[in-house]
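To keep things clear, I will list the structure first and then write my remarks on it.
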Amino acid sequence: MPSTAATDWLASVEAALQRRDPGEPEFHQAVQEVLESLAPVVAARPELREHRVVERLVEPERQVIFRVPWQDDQGGVRINRGFRVEFNSALGPYKGGLRFHPSVNLGIVKFLGFEQIFKNALTGLGIGGGKGGSDFDPRGRSDAEVMRFCQSFMTELHRHLGEHTDVPAGDIGVGGRELGYLFGQYRRITNRWEAGVLTGKGTGWGGSRVRTEATGYGNVLFTAEMLKVRGTDLEGRRVTVSGSGNVALYTVAKAQQLGAHVVTVSDSGGYVIDEKGIDLALLQQIKEVERGRVSDYAERRGTSARYVTEGSVWEVPTDVALPSATQNELTETDAIALVRNGVTAVSEGANMPTTPEALRVLREAGVAFGPAKAANAGGVATSALEMRQNAARDSWTADRVEDELAGVMRSIHDTAYETAERYGRPGDYATGANIAAFERVADAVLAQGLI
Ligand code: NDP
């Protein structure tokens, strides 16, 4: 098939999806971003069209939506909505995190689940794609309220899970505390010690060392690989990071270990710029122990730090930008500011933080760009290592997990880089990652018949 016919056909698949799934803009955006890379593969492999592989990949295998009733500390009745989208299991059990945030709806969960299929394929570790969550907001809730919510959520979700079926983990709003309550309720209902049913567990009860750190660490390792190709590294580089949650904290940590000078973190209230460099110990105390805000950091840090509530963290001049908060947080205006200030690399710790318009600006300026499904795959890769340890009833040292993580990130980088070269798009990691991941999933889908 000529490439233009393939492009037209992919556009028709996308148009049909937009008609069929209206009101899901983030899902449409994620699908469009993958489909626009695939024309050369579809053109070269007519069986993909004949067997409708693309149409099968954009339709989840199963979608579960459920009511989550719980009681607040005043005895009031609260109702939230729970989701689990089991998107594709051609390569292994559904795998992907749970997000608790008021913005969660079906379209958000589908965008995340769709991305997860390809991200997980890139790890090469035998995991399918899924995602879930709720519009519950854990912020400002007591531990007892969070526990009651998690117990109610798992009371429904448990019937869909299993170490060989569907294995959730954390995401925005779901960290160690929430995973503990979720695992406890699963264990209680099923009467099974099934460690491999959730990842991101505490290291004392089946969790893997370095899982907490893995997404942030992995993104920095991926960035270092991109810089190496360009004959440089992170030593002495100025780095800006957005967010101040799990991914952001360990992005700061690894970037500092590699000699970078990290000057920002943020949350939904604003950002902090600290010209002396972020004091990680202070930030961790405020975020992980006190569950505070970045404004508290600025207050306690002294004169080097400033808290800014207007504008965007991406206006701060930097060599390397690592968005680590949420989707569509880096806009076209932000990308123009970054390029004007001489940014050389942008790598996505968060899922889909860069808008399509911003990506075009970065591409045209020749900025090295690490797409989320490659750059932030270290988290789910380490989750797969956690499943491996659970299956063997084993517990690896931190050094061993970090070595494996570094190997996976190098391999993902090389796969995306080489695939982009092969398809005539040198240096275009987004296209390389999309094509390489799609081919792995598509081959498995084709081999397993029409199911
Ligand atoms: P956390 O809940 O630990 O932290 C999220 C951070 O992002 C917080 O600082 C939060 O600020 C900020 N944030 C969230 N929503 C918004 C918003 N709408 N506007 C501005 N800031 C916002 O989540 P994670 O660190 O785990 O996740 C961050 C990103 O990384 C997400 O895109 C997630 O999907 C992705 N990711 C996470 C993985 C993991 O292993 N945890 C794996 C792969 C990807 P505030 O407190 O004010 O809301």
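With sequence neighbours left out, F183 forms a ring pair (Phe, Tyr, Trp, His ring centres under 6.0 Å) with W193, W205. The side-chain contact (heavy atoms from CB on, under 4.5 Å) check on K276 picks up D274, R301, S304, with sequence neighbours excluded. Residues that satisfy the side-chain hydrogen bond (donor to acceptor under 3.5 Å, both in side chains) test with R141, not counting sequence neighbours, are E145.
Classified by interplanar angle (parallel below 30°, tilted 30° to 60°, perpendicular above 60°), the ring pair F118/F114 is perpendicular. Using cut-offs of 30° and 60° on the angle between ring planes, the pair F87 and F27 is tilted.
For H28 and F111, the gap between ring centers reaches or exceeds 6.0 Å. Not less than 6.0 angstrom separates the ring centroid of W70 from the ring centroid of F153. In summary, the aromatic rings of F66 and F83 are positioned with their centroids too far apart to meet the 6.0 Å limit.
A donor-acceptor contact shorter than 3.5 Å links the side chain of T419 to the backbone of T415. Without hydrogens or angle criteria, R238 side chain to P317 main chain gives a donor-acceptor distance under 3.5 Å. Between the side chain of E348 and the main chain of A372, a donor-acceptor pair closer than 3.5 Å is present. Side-chain atoms of E178 come within 3.5 Å of backbone atoms of G175 as a donor-acceptor pair (strictly under, hydrogens ignored). In this structure, the side chain of T223 does not engage the main chain of L221 through any donor-acceptor pair within 3.5 Å. In terms of modelled atom types and a separation under 3.5 Å, the side chain of D135 and the main chain of R81 share a donor-acceptor contact. Between the side chain of H261 and the backbone N or O of E275 there is at least one donor-acceptor pair closer than 3.5 Å. Under the 3.5 Å distance criterion, the side-chain polar atoms of S411 are left unmatched by any main-chain donor or acceptor of G407.
At a cut-off of 3.5 Å, with distance as the only test, a side-chain donor of N328 or Q29 sits close to an acceptor on the other residue. For D73 and S142, the side-chain atoms include at least one donor-acceptor pair closer than 3.5 Å. Between the side chains of T355 and E332, no donor-acceptor pair is found at a separation under 3.5 Å. Using modelled atom types, one finds no donor on one side chain facing an acceptor on the other under 3.5 Å when comparing T431 with N434. Under the 3.5 Å distance criterion, with hydrogens and angles disregarded, a donor-acceptor pair is assigned to the side chains of N219 and S347. A donor and an acceptor atom, one from each side chain of N376 and K119, are located under 3.5 Å apart. Inspection of the Y94 and H160 side chains reveals no N or O donor paired with an N or O acceptor under 3.5 Å. A donor and an acceptor atom, one from each side chain of Q389 and S395, are nowhere located under 3.5 Å apart. A donor and an acceptor atom, one from each side chain of R293 and S244, are nowhere located under 3.5 Å apart. In this structure, a donor-acceptor pair under 3.5 Å is present between the side chains of S242 and E329.
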Go through it in stages, so that I can follow the logic: the residues are E194 and R187, the test is salt bridge (Lys or Arg N to Asp or Glu O under 4.0 Å), and I'd like the CA-CA distance, side-chain angles, deciding distance and then a yes or no. CA-CA 7 Å; E194 191 185 336; R187 192 165 62 72; over 6 Å; no
Between K254 and E213, does a salt bridge (Lys or Arg N to Asp or Glu O under 4.0 Å) hold up when you go through it step by step? CA-CA 9 Å; K254 183 53 87 181; E213 297 87 343; over 6 Å; no
Verdict with supporting geometry, T232 and R237, side-chain hydrogen bond (donor to acceptor under 3.5 Å, both in side chains): CA-CA 10 Å; T232 178; R237 294 291 205 109; 3.1 Å; yes
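Enclosure of atom CD in E290 by more than 12 non-hydrogen atoms of other residues, nucleotides or ligands within 6.0 angstrom is indicated. Atom CZ of R306 sits in a sparse spot, with 12 or fewer heavy atoms from other residues, nucleotides or ligands closer than 6.0 Å. Residue R159 places its CZ atom among more than 12 non-hydrogen atoms of other residues, nucleotides or ligands, all under 6.0 Å distant.
Across V313, V308, T240, a single residue satisfies side-chain contact (heavy atoms from CB on, under 4.5 Å) together with I273, and that is V308. For the side-chain contact (heavy atoms from CB on, under 4.5 Å) test with P168, the passing option among V174, L161, T199, L182 is L161; the others fail.
The two atoms that bring V346 and V343 nearest to each other are CG2-CG2, 4.2 Å, heavy atoms only.
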